[in-house]
Amino acid sequence: MPEVTMVQGLNAALRHCLREDPKVLVFGEDVGKLGGVFRVTDGLQAEFGPDRVFDTPLAESAIVGFGVGLALAGWRPVVEMQFDGFSYPALDQVISHVAKYRYRSRGQLRVPMVIRIPFGGGIRGVEHHSESPEVYYTHTAGLKVVVPSTPLDAFQLLLTSVREPDPVIFLEPKSRYWAKESGDLVPAGEPLGVARVRREGTHCTLVSWGGMVSRCLEAAEAAAEDGVELEVLDLRSLVPMDTEALLRSARKTGRVVVVHEAPLTSGFGGEVAARVMEGAFDHLQAPVLRVTGYDTPYPPALLEDHYLPSVDRILLAVDRVLRY
Amino acid sequence: MPEVTMVQGLNAALRHCLREDPKVLVFGEDVGKLGGVFRVTDGLQAEFGPDRVFDTPLAESAIVGFGVGLALAGWRPVVEMQFDGFSYPALDQVISHVAKYRYRSRGQLRVPMVIRIPFGGGIRGVEHHSESPEVYYTHTAGLKVVVPSTPLDAFQLLLTSVREPDPVIFLEPKSRYWAKESGDLVPAGEPLGVARVRREGTHCTLVSWGGMVSRCLEAAEAAAEDGVELEVLDLRSLVPMDTEALLRSARKTGRVVVVHEAPLTSGFGGEVAARVMEGAFDHLQAPVLRVTGYDTPYPPALLEDHYLPSVDRILLAVDRVLRY
Amino acid sequence: MGQAEPFAVLGPEGEVLDRRTLEGLGLEAGQLRDLYRFLVLARRADAEAVALQRQGYLAVYGPARGQEAAAVGSAYALRPDDFVFPTYREIGAVIVRGVDVAQFLMYFKGAWHGGEHDVLKHRFGLVTVPVATHIPHAVGYAVGCRLEGRDCCTLAYFGDGATSKGDFHEGLNFAGVFRAPVIFFCQNNRWAISVPLHQQTAGPIWRRAEGYGFPGVLVDGNDVLAVYAVTREAAARARHEHTPTLIEALTYRMGAHTTADDDTRYRPAEELEEWARRDPIERFRRFLEREELADPEFFEAAAAEAETFVAGVREAVIGAGPKDVTALFDLVFENPTPELLAQRREALALAEEPVPDA
Amino acid sequence: MGQAEPFAVLGPEGEVLDRRTLEGLGLEAGQLRDLYRFLVLARRADAEAVALQRQGYLAVYGPARGQEAAAVGSAYALRPDDFVFPTYREIGAVIVRGVDVAQFLMYFKGAWHGGEHDVLKHRFGLVTVPVATHIPHAVGYAVGCRLEGRDCCTLAYFGDGATSKGDFHEGLNFAGVFRAPVIFFCQNNRWAISVPLHQQTAGPIWRRAEGYGFPGVLVDGNDVLAVYAVTREAAARARHEHTPTLIEALTYRMGAHTTADDDTRYRPAEELEEWARRDPIERFRRFLEREELADPEFFEAAAAEAETFVAGVREAVIGAGPKDVTALFDLVFENPTPELLAQRREALALAEEPVPDA
Ligand SMILES: Cc1ncc(C[n+]2csc(CCOP(=O)(O)OP(=O)(O)O)c2C)c(N)n1
Ligand SMILES: Cc1ncc(C[n+]2csc(CCOP(=O)(O)OP(=O)(O)O)c2C)c(N)n1
Ligand SMILES: [Mg+2]
Ligand SMILES: [Mg+2]
């Protein structure tokens, strides 16, 4: 089986969507001739022409707002925010319009738009290039929020997201852009809202998404050497969230640690913890713990290893819940 | 003792700050001659002149960005976002600059700015006038987030917020703007991050802030008739949060229900639930439940009573934790 | 590129300034009378909305009195297959587009966001309140139509205050770059709530178009024929040349910002008096009289028609109730999430209503 | 309001176009030679930064080659008590302001956000990457100075791409309304990463100033004297009349967008060749030679000075290490929250460092 990177998986998904649906448009800053700063849109303008794949002026609010207008006119915009840290100027359009249009028009109008955002740290990025903004979106009712962690998932989930009739925020973990996976890029009709157990275990569940899933797997690997079997659950989509799978694992292991890059306070880990408590309280042997970025701005690259959840920090939390 | 409304309390605080510190500036849309659409800045321009209290063009991003510049030049801007729903255009400036400036400049520069935002529903507002955006701020490291629930608290906490050397998001619950309280508007040096028990109880703790505190008190009143004693904790500031007070109450009652207007998913209730679990797990007799707005856009005024946590919904949750 | 004096067809007394311009409009007598009817309907419906608010049937309303010519003249220049993105102060355009006024007013009743009118039938968008946010939508919509090879155009209304917003600028710049068949119609009514024009901006609004590479036009917004003329030209440019136009229509907000506003706190009475003398309907009425295009019976009939019209609006507004609680949940997503479905069940149980299928 | 041809003092071969203009600048021979020294230092330091990145000592760097005259000429026109808000591509201004270059480069090393230079001493702000967001800051800062009665001005640098952003527009509009003593200095280097100017905007940038009620100026950005001249005028207008100015300096980005960019994917080689012939330093050198303001020894000395200079920069950049882990926590708030203090304890325990007091 061929090996693909996440960038290739995403590129293949976009190509597939542009082919299967003439209404799909891909645009954003530098996505045309350059093929995107991460090359996710590489070759698409050459294949589909500048009417369907094009560069925009440097203005994120208008990129999304223009996309809303195109969607209202029957198109399916797939737009790129160049980096997490530059997605914020579009928040007003996302919160006030993308998320609300179907509702406020009583279903007369739809905005089946995908907003792709390379996100997260761990790539030695300079300031504003390593942010984890998922909560701004998960808390905005009316949006779906999808976060793949592997190349094949990136392919399948982006495909589904573009086909989805509702707006989707699609968060691409930059630290996994060049990770490889073996498999064929064949559309499988993967639904949103299905978590995946990446590793089975019995002592404690690690819950994560995006770039931190592989970190959890590393931690599980390390723990296994000490005879501790960690289950690793990859949420894959935060809205909808596969609460059933989460609770199944929590009930099985009785111990849960959530891991994410974003700051602790009001991070999505709080939502996970609350749902575990609501649905599996009687099975919990210990409180759900959160291993996350600290409540500080994302630090300079030279210090990011102190900020991002490390294998050590994860194992420390596991240790705490196991000894509880 | 005189009775004051929250609007009067806020107005008095601003007046006090403008008097005590010549560096304080108050600006935003319609805050000058009109005195603000809620009259919070009534009479300030007349007293302090148009150099210190002034209207701006209609542009929230620039209001905050201009404020950042003034702060860097040594001023203390207190800016108003006219409504919750119109605070989103400023999110980029808030997230990328207000929250980060001290950090990124290694303390060379500070942005001791207060951003006042009338927030929340229950006033039969039309669309975009009833939003509860607190999580966008609590999750943004580098900000403090303050939410008074009574007129005297509004006075004291706004005073502290303006004096604070760090940036503060000050959320004013519109539904309590005209609520009255007896007391003197005398500066008391109230610190941030101190919760207050609004009613003592033993069976279960209701945790809330802003407009929902009075709803919780109503619920407690109703429960008391059935012999159920609810403790009502008003957080008053979400960042910093008075985790000690929260845990104290949780340990005492063993049962916690969090109540807020914002949507459930990723609402601040998740943070409260997670902290209670982390700090008082062994005392919990039941899972922490959340009674919140639904995961929908804020509804039209005629339906808002179905959306906002009602006394019935709160009591239902209390019932569930008591019977657990 | 337009002129520093606003373009006008009629003088202050309704006199024809330049007969060739008038004739160039190609409007027949019946159409001219229709314009008058629309102006009167707009004013009367506006007054009725204010009354309905005072009587508690609407939560709030933003009166458009004084601005009728700007809204009516511009909307009248469009084709049915053109698309309009409104704000909240264009009841004249609502009427010209044939939108059900009571349904439009459902926004102000708090019955449903954006109004309850049929957006696609009338090609008249939702009430948009976050100022200027719909400007990029109009640009995207216009480009969407162009990509489909349709020759329709898109018009966005907004106020003078909106020109201060980033979305105004970003939208206009996109329009220039993507050759959007779009008309940016600014109703400069000299106030944004309590902020007067000179505190809103230090420069001329219409002149900004040049910086985006397309024409800007200054027009007397209280002259319905002038507004019609410049909008029709802009529409032709949009359709045939894919060239956007920025129109600045000088008009005046005669009412308060909304029924919740007290404009006496900030607005000099003299200014109101001055603009009362420039009433757009009065001016157009004089024109019709001078030109003998309408007789007293016509004017009476127009007034009577307006009364009948608003009686229907009134009844429909008063009669309208809230939507079903299910709407809260069923309109969010096309594919609802399990989380939301669970919340729906909980809410409906509380509302003690039978739970219909989602 | 300026002119359609960019203002220039020197011709392409360094010839003086108009001697009166040159004399009007009031620059003495020593100052003219200083300008040359700064140009050379800027270019050499820029090349060194690229080399440091290639060798792994910087994470990334955005080369300013070709744009030296724009940055140096403008910065040279300011007073020490003026304040500069940079982006990331103004190493020429960094040098003129006396900012420690190695400390400035700490942004690109990922050592600390914004750079580690002394902001207040040099009145040179932090590296700002979110495009155009610093423009409203500059306006607020300028008004802050005006309110204090100081006669200093504030200058914000930004690129052609930045003019598409809402913050550019909102900032300029505020500047007009609040009479900010500010200079908006646009380095139009014809590219925003891979997006060429004509896809960025369909209109002339400098002309937009009129729409905000203040002057706009188009200047040859590769003519250091012309840039100096227009900036000095703008500074005087800011100081004495509280009038903002928008300067559009036409220049060209000779390097890739950053060291991470591959400009061969999108940029025609001919364009590069064409602009190589318009090199700003070469042009100014010819001027000095023609006018006999400098001899070969001077040019050699300037080159040697630059070598010594960058050797110091190089050493400092390579030697610089990360900040202490405590910085992660101690720089967030002046009054840290209990939550953060708890996290600090946890992190320091993990880092196995002794925990100093917060
Ligand atoms: C982004 C945003 N900020 C603030 C408001 C509150 N607000 C509603 S209308 C208005 C003034 C709008 O002025 P203008 O654009 O001139 O339109 P007009 O009301 O005069 O028709 C303001 C500030 C809003 N709706 N949206
Ligand atoms: C708001 C924002 N969006 C996107 C980016 C990514 N980005 C960095 S520089 C750049 C191009 C800037 O072009 P221009 O303003 O012309 O400045 P130049 O780089 O040419 O000096 C882009 C798109 C950013 N930094 N900020
Ligand atoms: Mg107006
Ligand atoms: Mg550029």
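The sequence lines fix the lettering, A, B, ..., with proteins before strands; numbering per chain opens at 1.
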Run the salt bridge (charged side-chain N to carboxylate O under 4.0 Å, His left out) check on B/Lys100 and A/Glu127 step by step: do they pass? CA-CA 10 Å; B/Lys100 294 185 168 77; A/Glu127 194 185 9; over 6 Å; no

Evaluate the salt bridge (charged side-chain N to carboxylate O under 4.0 Å, His left out) criterion for residues B/Glu271 and A/Arg290: first the C-alpha distance (whole Å), next the side-chain angles of each, then the deciding distance (0.1 Å), finally the verdict. CA-CA 11 Å; B/Glu271 182 62 34; A/Arg290 300 177 285 170; 2.8 Å; yes

Going through the distances and angles, do A/Val135 and B/Val135 end up as a side-chain contact (heavy atoms from CB on, under 4.5 Å)? CA-CA 8 Å; A/Val135 156; B/Val135 157; 3.7 Å; yes

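The aromatic rings of B/His128 and A/His97 are tilted relative to each other, their planes meeting at an angle between 30° and 60°.
Comparing B/Pro300, B/Ala280, B/Ala274, B/Ser266 by how many heavy-atom pairs each has under 4.5 Å with chain A, the most go to B/Ser266. Interface remark: of the candidates B/Val288, B/Leu289, B/Val272, B/Val288 forms the most heavy-atom pairs closer than 4.5 Å to chain A. The candidate with the highest count of non-hydrogen atom pairs below 4.5 Å against chain B, out of A/Ala273, A/Pro263, A/Gly279, is A/Pro263. Counting heavy-atom pairs under 4.5 Å between each of B/Ala99, B/Ala286, B/Gly142, B/Ala262 and chain A puts B/Ala286 at the top. Heavy-atom pairs under 4.5 Å with chain B were tallied for A/Val258, A/Thr296, A/Ile95; the largest tally goes to A/Ile95. The greatest number of non-hydrogen atom pairs below 4.5 Å with chain B, out of A/Glu60, A/Gln93, A/Arg275, A/Met241, is found for A/Arg275. Looking only at heavy-atom pairs under 4.5 Å with chain A, the residue among B/Gly270, B/Gly269, B/Pro89, B/Ser87 that has the most is B/Pro89. Per-residue heavy-atom pair counts under 4.5 Å with chain B were compared for A/Gly293, A/Gly85, A/Gly267, and the maximum is reached by A/Gly267.
Counting only heavy atoms from C-beta outward, the side chains of B/Asp282 and A/Tyr324 approach each other to under 4.5 Å. Residues A/Pro299 and B/Tyr103 form a side-chain contact, since some pair of their non-hydrogen atoms from C-beta on lies under 4.5 Å apart.
Only the side chain of B/Glu131 comes within contact range of chain A, with heavy atoms under 4.5 Å apart. For chain B, the nearby part of A/Tyr298 is the backbone; its heavy atoms alone come within less than 4.5 Å. For a residue to count as touching a neighbouring chain, one of its non-hydrogen atoms must lie under 4.5 Å from one of that chain's; by this rule A/Leu238 does not touch chain B. Of the two parts of B/Pro133, neither the backbone nor the side chain holds a non-hydrogen atom closer than 4.5 Å to a non-hydrogen atom of chain A. No part of A/Glu134 comes within reach of chain B, as not one of its non-hydrogen atoms sits under 4.5 angstrom from that chain.
Of the inter-residue distances, the one linking B/Thr138 atom OG1 with A/His139 atom NE2 reads 8.0 Å to the nearest 0.5 angstrom. Distance check, rounded to the nearest 0.5 Å: CG of A/Leu143 to OG1 of B/Thr265 gives 11.5 Å.
When all heavy atoms of A/Leu284 and B/Met277 are compared, the pair lying nearest together is CD1-SD, 4.0 Å.
Side-chain atoms of B/Thr140 and A/Tyr136 include a donor-acceptor pair closer than 3.5 Å.
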